[in-house]
Amino acid sequence: MKKIHVIFHDAGGGHRNAAVALQTVVAQQERPWQVELVQFQELTDRFDVLRRLTGIRIQEQYNVLLQNGWTLGSVYLLRLLQATIRLFHRPLVRLLEDYWRQNPADLLVSVIPHFNREICESWNKVYPGRPFVTLITDLADFPPRFWIEPLKEQYVIAGTERAAEQARALRHDDAHIFRTSGMILRPEFYVADNSEPIALRKELGLRPDLTTAIVLFGGHGSKVMYDITERLDAAQLPIQLILICGRNEELAAKFNAHPWRMPVKVMGFTKEIHKLMRAADFLIGKPGPGSIAEAMVRKLPVLIECNSWTLPQERYNAQWVSEKRVGIVLQSFREVVSGVQRILDPATLAEFRKNVAALDNRAIFEIPEILDKLLRDSVIAQAPPSNSATLANVR
């Protein structure tokens, strides 16, 4: 049985989701692999400078920033983080080397950015020739030193042509770039669902005949959701909302305490997003790669914003939505009323739905095939020469 490490962290929910999705589909396919998830933050805690200063892990501080919308100037924070990583490069590599020696595997997959140089170098020092794969969970890289490194040992799995082009620009050859049809998502998003949206809305206590938007800002919610809801409620549009507050209990309580005129359903953290999307007509949210990809698979157009507060690695996502004509990109959610009015236009909504339906993201099923190829190629490369080949070399 082959062993695969998948290294992830909890800065945002997408990285853990990708790791769990890969582990789940491998188990469902009954492949002869043991997939072990490695939490990078726990592994490298002693190098977390912010934790030393504040007592709070860097991944938790990142989630607080998202939850409160404190993302203006995030490019500078990102570059500061990368400079700190370079400062601790050698001790990080040594720490990771020790971990790999104590925990051997046949293949290593990273679903996190920023640290792929350290991960790749440490892995190849301990297990030269064993594959190291970076599975990009964004629609594109944000160079330099974000996802893709100029290291010939790094294999790259890219969900868009833009990401594949960026890998080529760093001189990765075709043998080290694998193009999938989209982002990796949990397998349950692909389960056939014949339930009727009208029936699902009734179950949620919503009106069955009213256009429904699901409002989703990640696993920790965001205070901007409240502003969006206030604006739509004041405009008295023919719409109702499913509000996903995630682990943000304070936000959920605030929603529940307000007497809204339009129908709303307030939800906390749930693993049933794929079912809730079935009850919706479109999604309102931040331009995160995970929520956009989930909406596409569940055939929902999106309404997102992109501006100076948008995380730099997510700005291309808005460009992708505009280019694919699968939704509306606003300069600010202060314009959410006009955005919803546009998406409620029957012709506009029909066009978006047609374009969404034309997409076919099967990455969750394509990635195990890629890993299988790399494992097989690795076995061949590391196999000792046959007796006949040895005799031929002697002659």
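Contact check on Arg101 versus Asp98 returns a salt bridge, with a Lys/Arg side-chain nitrogen under 4.0 Å from an Asp/Glu carboxylate oxygen. The pair Glu369-Arg31 meets the salt-bridge criterion, with a side-chain N (NZ, NE, NH1 or NH2) lying under 4.0 Å from an Asp/Glu carboxylate O. The pair Lys223-Asp227 fails the salt-bridge criterion, with no side-chain N (NZ, NE, NH1 or NH2) lying under 4.0 Å from an Asp/Glu carboxylate O. Between Lys254 and Glu250, no side-chain nitrogen of the basic residue sits less than 4.0 Å from a carboxylate oxygen of the acidic one, so the salt-bridge criterion is not met.
In this structure, Arg145 contributes its side chain and Pro113 its backbone to no donor-acceptor pair below 3.5 Å. Distance alone, capped at 3.5 Å, is enough to place a donor-acceptor pair between the Gln166 side chain and the Asp141 backbone. In this structure, the side chain of Thr160 engages the main chain of Leu139 through a donor-acceptor pair within 3.5 Å. Side-chain atoms of Arg130 come within 3.5 Å of backbone atoms of Ala105 as a donor-acceptor pair (strictly under, hydrogens ignored). With Thr348 contributing its side chain and Leu344 its backbone, the two residues share no donor-acceptor pair below 3.5 Å.
Under the 6.0 Å distance and 45° angle rule, Arg16 does not count as a cation-pi partner of Phe8.
Taking the side chain as every heavy atom from C-beta outward, Glu188 and Lys271 never approach each other to under 4.5 Å. You'll find the side chain of Lys324 stays beyond 4.5 Å of the side chain of Met296, heavy atoms only. Asp106 has its side chain out of reach of Ser378: every pair of non-hydrogen atoms, C-beta onward, lies at least 4.5 Å apart.
Shown are Trp100, Phe132, Tyr155, Tyr99; of these, the ring-ring contact (aromatic ring centres under 6.0 Å, His included) with Trp123 is made only by Trp100.
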Salt bridge (Lys or Arg N to Asp or Glu O under 4.0 Å) for Glu121 and Arg90? Distances and angles first, verdict last. CA-CA 10 Å; Glu121 287 187 11; Arg90 289 186 178 180; over 6 Å; no

Tell me, with the steps shown, if Arg353 and Asp281 meet salt bridge (Lys or Arg N to Asp or Glu O under 4.0 Å). CA-CA 9 Å; Arg353 283 174 171 166; Asp281 296 289; 3.0 Å; yes

So Val329 and Gln319, side chain to side chain contact (heavy atoms under 4.5 Å, CB included) or not? Walk me through it. CA-CA 8 Å; Val329 179; Gln319 180 182 331; over 6 Å; no

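Considering CG of Leu96 and CG of Asn103, their distance stands at 11.5 Å, rounded to 0.5 Å.
Under the 6.0 Å cut-off for aromatic ring centres, Phe352 and Phe282 do not qualify, their centroids lying 6.0 Å or more apart.
In summary, the side chains of Thr212 and Gln240 do present a donor paired with an acceptor at a separation below 3.5 Å, with no hydrogens or angles considered.
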